[in-house]
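A short write-up of the structure that comes next.
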Amino acid sequence: MRIATWNVNGIRARLEFVLHWLDARRPDLVGLQELKVTDEQFPYAEIEAAGYQSAVLGQKGWNGVAVLSRDGVEVTQSGLAGQEELGSRLLTARLGELSFTTIYAPNGKSVDHDDYERKLAWFDALAGHLDGRTGGAEQAVVCGDFNVVPAPLDSWDEQRLHGSVFHTDEERARIHRLYDMGLEDLFRKLEPESRTFSWWDYRGGAFHRNQGLRIDYLLATGNVAARVCSVETDRDYRKKKDGMTASDHAPVIAELTAPS
DNA sequence: ATGTCGGAATTATTCCGA
């Protein structure tokens with residue numbers, strides 16, 4: 001089973017690119033973020049023609065998340081209670097025994113901006129919501145754009161950026177709280193030393209300079225993490241392709257063995 | 001060069017968010 005997360009930066013602008021990727025990579029279950037469409041504007045038919053059912057939590061213009069599945073989607077959670085004013089940023093679907101949540105964390109802008117405190121509060125609400133859903137025999141994946149660089153190794157320039165947004169101890173504490181709740185970072189589990197990014201700024205030739213951040217991840221409960229056999233950051237889909245413009249994020253894909 | 005995108009507001013240009 002292949003699971004993936006991808007911030008597409010606008011599903012209307014990226015549809016051709018996403019269809020190309022679905023056809024090439026054939027993931028079974030995908031979390032998409034930053035759709036920038038209402039539910040009605042989502043291209044259900046085109047995605048269905050590619051072999052996927054879609055569950056969508058959209059909004060006009062900004063944010064928005066979706067779960068794509070080859071085997072149907074039963075939505076069990078749509079939105080994060082109490083955080084609605086920050087936009088459409090969480091969606092959970094159940095596939096058999098597996099709970100699959102995709103999130104798009106608030107950006108925070110900068111540590112001295114009001115949005116930064118709202119970002120921290122959003123993560124606290126996320127932890128509160130997930131509490132009790134990631135322990136015991138629960139099988140869960142929580143994936144998406146976390147907008148936090150979890151450790152110094154995940155930044156292209158920790159020395160310069162430490163303490164700035166995405167790189168603060170407060171944000172990292174929120175990610176560690178998720179780890180403490182039993183969620184493991186699938187990429188880090190398999191690649192403990194690798195400096196591999198998932199996002200590069202459009203500006204300044206950041207991609208070609210490899211000035212990026214690892215802010216997109218697949219977290220999973222231990223019983224799911226035990227099944228992971230490979231994790232890839234799909235850099236090829238951060239590149240222009242046949243005249244199509246890429247998102248500023250690359251997909252992250254993990255392969256899981258069948259449940260025992 | 002704070003250098004690029006996608007989308008909104010508003011009507012082809014400017015602003016905003018990332």
Between A:Pro106 and A:Gly205, the residue closer to the 5' end of DNA chain B by nearest nucleotide is A:Gly205
Ignoring backbone atoms, test whether A:Lys240 places a side-chain nitrogen or oxygen under 4.0 Å from the OP1 or OP2 oxygen of B:dC5. yes
Any salt bridge between A:Arg118 and A:Asp115, counting N to O under 4.0 Å? yes
Can you check the distance between B:dT10 and B:dT14, where both ends of the measurement are the C1' atom (answer in whole Å)? 10 Å
Indicate whether the side chain of A:Glu34 and that of A:Asn7 have a donor and an acceptor atom separated by less than 3.5 Å. yes
Would you tabulate the nitrogen or oxygen pairs shorter than 3.5 Å linking the protein to nucleotides 14-17 of chain B?
none

Has A:Glu97 got more than 12 heavy atoms of other residues, nucleotides or ligands less than 6.0 Å from its CD? no
Rounding to the closest angstrom, what is the interatomic distance between B:dA18 and B:dT11 at atom P? 25 Å
Assign each of A:Ala246 and A:Arg209 the nucleotide of DNA chain B bearing its closest heavy atom; nearer the 5' end lies the nucleotide of A:Arg209
Between C1' of B:dG7 and NZ of A:Lys60, the distance in whole Å: 10 Å
Charged N-O contact under 4.0 Å between A:Asp114 and A:Lys109: no
Is it true that the side chains of A:Ser54 and A:Glu48 contain a donor and an acceptor less than 3.5 Å apart? no
Tell me if a side-chain donor or acceptor on A:Asp169 pairs with a main-chain N or O of A:Gly163 at a distance below 3.5 Å. no
Please state whether the rings of A:Tyr237 and A:Trp21 are parallel, tilted or perpendicular, taking 30° and 60° as the class boundaries. perpendicular
Determine the interatomic distance between P on B:dC15 and the same-named atom on B:dA1; round to the nearest Å. 22 Å
Here the distance between atom P of B:dT4 and atom CD of A:Gln211, to the nearest Å, is 15 Å
May I have the distance from A:Leu213 (atom CG) to B:dA18 (atom P), rounded to whole angstrom? 15 Å
Rounded C1' spacing from B:dA12 to B:dG7 in Å: 15 Å
Nearest whole angstrom, please: distance from the C1' of B:dC5 to the CZ of A:Phe207. 15 Å
In whole angstrom, give me the gap between the P atoms of B:dG3 and B:dA8. 23 Å
Output the rounded distance in Å from CD (A:Glu34) to C1' (B:dG7). 11 Å
Rounded distance in Å - CG (A:Asp248) to P (B:dT2): 18 Å
Nearest-Å distance, CZ (A:Arg238) to P (B:dT4)? 13 Å
What integer distance in Å separates A:His249:NE2 from B:dC5:P? 14 Å
Check whether any side-chain nitrogen or oxygen of A:Arg12 sits under 4.0 Å from OP1 or OP2 of B:dG6, and answer yes or no. no
